[in-house]
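Any value given below was found using the heavy atoms of this structure, including those in side chains, with hydrogens, waters and symmetry copies removed.
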Amino acid sequence: MTDSRGLDDLSDVLERLRWSVGAYRQDTLKPGDRHPVDGTTGRFHFVAAGAVDVRGDAESVALQAGAFLLAPRGGRHTFVAREETTLHTGELTVASTGAAPVLSALPDKVIAHCFVCREPIVAALIEKMAGEASQDRPGSRSVLSQLGNVLAAAAIRSWVESGCGSADLLSVPLKDSDVGRALAAIHADPGEPWTLDRLARISLASRSAFAERFRLAVGETPARYVARVRMEQAKRLLAERTTVAEVAVRLGYGSEAAFSRAFRRHEGVPPTTWRHAPTGEGVRPFGR
């Protein structure tokens with residue numbers, strides 16, 4: 001359960017994330033239909049009816065009717081209908097200034113299972129968005145964005161309340177803007193040779209002060225955090241059939257062997273074994 005401090009932190013985070021809704025569409029998928037999504041624009045997807053498997057980045061998750069998926073930075077994934085499914089999709093871009101550090105703290109996929117159960121008004125909001133998108137009325141773009149803001153905020157709240165997300169981590173850039181700058185730098189280029197000295201300089205702090213502030217704000221050391229971010233990026237690259245050697249170079253490892261050792265420590269298996277594992281083995285759900 002989120003305590004009162006967590007609730008205040010989450011409110012601060014959501015105030016920073018103001019969204020603008022672009023293209024909006026509604027699709028009806030028949031059993032077995034595949035609906036690929038690829039791009040750098042943020043998106044949301046709402047399963048109004050039916051059920052789908054979402055596949056991408058070597059991860060897979062099943063979404064039932066009433067589930068909501070927010071991809072704040074876009075990305076590649078494919079919806080595969082398990083039965084006849086109604087899927088609502090909209091483009092979302094952050095329209096507020098100063099949101100980048102907070103946005104970087106969100107995972108690639110935020111999933112609110114049983115979203116309609118937690119937020120009964122969702123179905124009406126989606127219906128209103130569909131109506132606005134299908135009519136050429138004055139101010140429709142603004143109305144769509146206002147509705148999109150409510151949906152995105154409610155989805156992030158539901159994700160946190162379900163235990164999948166942490167209000168504390170999302171609010172790091174607001175609690176300590178200096179540490180927030182370090183987080184943003186790591187996420188922007190995880191392959192950089194990040195050292196404690198470099199990150200401390202970005203945060204305008206001494207080594208010892210930065211290390212302690214980072215640990216208190218994030219809950220782990222800078223080195224462990226960098227390693228975890230690199231491994232998540234590595235899995236995405238491997239899923240896209242990038243060679244192990246290229247992944248090693250792009251993520252800043254001195255050699256393919258060094259990367260393979262690091263990957264095995266993190267995942268329990270070598271990168272080649274992980275990539276070729278059958279579906280369901282070594283696969284982690286989105287947002288975990």
Side-chain angles (χ1 to χ4, degrees), residues 2-24 37 39-46 54 67-75 77 88-113 115-116 118-119 121-122 124-126 128-129 132-133 140-188 217-219 225 229 232 286-288:
T2 305
D3 60 22
S4 59
R5 179 61 256 171
L7 292 173
D8 290 341
D9 288 343
L10 187 57
S11 292
D12 292 341
V13 167
L14 297 178
E15 282 298 318
R16 294 291 185 98
L17 293 173
R18 296 292 177 177
W19 307 85
S20 175
V21 177
Y24 179 94
V37 178
T40 57
T41 302
R43 295 176 185 271
F44 74 81
H45 308 278
F46 176 70
V54 187
F68 187 94
L69 185 155
L70 171 65
R73 291 175 291 278
H77 45 277
H88 295 258
T89 299
E91 291 184 353
L92 276 180
T93 55
V94 174
S96 50
T97 59
V102 178
L103 188 65
S104 71
L106 286 171
D108 289 339
K109 303 289 185 294
V110 174
I111 295 179
H113 292 286
F115 191 34
V116 172
R118 289 181 177 271
E119 304 284 353
I121 196 174
V122 165
L125 290 176
I126 290 290
K128 178 62 175 175
M129 290 187 77
E132 287 292 335
S140 285
R141 182 176 178 181
S142 177
V143 172
L144 276 172
S145 291
Q146 296 294 333
L147 294 171
N149 270 304
V150 175
L151 283 173
I156 293 172
R157 179 175 66 180
S158 179
W159 173 70
V160 169
E161 287 180 335
S162 68
C164 295
S166 167
D168 290 337
L169 183 56
L170 290 180
S171 64
V172 165
L174 304 181
K175 295 176 181 178
D176 192 326
S177 60
D178 295 336
V179 173
R181 285 198 299 274
L183 287 176
I186 292 168
H187 282 273
V218 179
Y225 187 83
V229 172
E232 293 303 315
F286 288 134
R288 296 284 183 176

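Distance check: Gln146 CD to Leu125 CG gives 12.0 Å after rounding to the nearest 0.5 Å. From Asp12, atom CG reaches atom OG of Ser171 across 8.0 Å, with rounding to the nearest 0.5 Å. Rounded to the nearest 0.5 angstrom, Ser20 OG and Arg141 CZ are separated by 5.5 Å. Here Ser177 contributes atom OG and Leu183 contributes atom CG; the two are 11.5 Å apart, rounded to the nearest 0.5 Å. Between atom CG of residue Leu70 and atom CG of residue Asp108 there is a gap of 11.0 Å, rounded to the nearest 0.5 Å. The distance from the CZ atom of Arg43 to the CZ atom of Arg73 is 15.0 Å, given to the nearest 0.5 Å.
Within the 4.5 Å cutoff, the side chain of Val37 has heavy atoms near those of the His45 side chain. Annotation: side chain of Ile156 is not in contact with side chain of Val13 (no heavy-atom distance under 4.5 Å). Residues Lys109 and Val54 form no side-chain contact, since every pair of their non-hydrogen atoms from C-beta on lies 4.5 Å or further apart. Two residues are said to be in side-chain contact when any heavy atoms from C-beta on lie closer than 4.5 Å; Leu106 and Leu17 meet this criterion. Residues Thr89 and Tyr24 have side chains not in contact (no heavy-atom distance under 4.5 Å, counting atoms from C-beta outward).
His113 approaches Ser158 most closely through the heavy-atom pair O-OG, 4.4 Å. Closest non-hydrogen pair, Ala155 versus Ala112, comes out as O-CB, 3.9 Å. Across all their heavy atoms, Leu151 and Phe115 have their closest contact at O-CZ, 3.8 Å. For the pair Pro72 and Leu103, the tightest heavy-atom approach, listed with the atom from each and the gap, is CB-CD1, 3.7 Å. Closest heavy-atom contact between Leu92 and Trp19: CD2-CB, 3.7 Å. For the pair Trp159 and Leu170, the tightest heavy-atom approach, listed with the atom from each and the gap, is CZ3-CD1, 3.7 Å.
Using modelled atom types and a 3.5 Å distance limit, the side chains of Ser140 and Glu132 yield a donor-acceptor pair.
With hydrogens and angles ignored, the 3.5 Å screen pairs a side-chain donor or acceptor of Asn149 with a backbone N or O of Ser145.
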Worksheet entry | Intermediate values then yes/no, side-chain contact (heavy atoms from CB on, under 4.5 Å), Val116 and Phe68 | CA-CA 9 Å; Val116 172; Phe68 187 94; over 6 Å; no
Item to complete: Go through the steps for Val122 and Glu119 under the test side-chain contact (heavy atoms from CB on, under 4.5 Å), then give the verdict.
Response: CA-CA 6 Å; Val122 165; Glu119 304 284 353; 3.5 Å; yes
Item to complete: Begin from the C-alpha positions of Phe44 and Leu69 and carry the test side-chain contact (heavy atoms from CB on, under 4.5 Å) through to its verdict.
Response: CA-CA 6 Å; Phe44 74 81; Leu69 185 155; over 6 Å; no
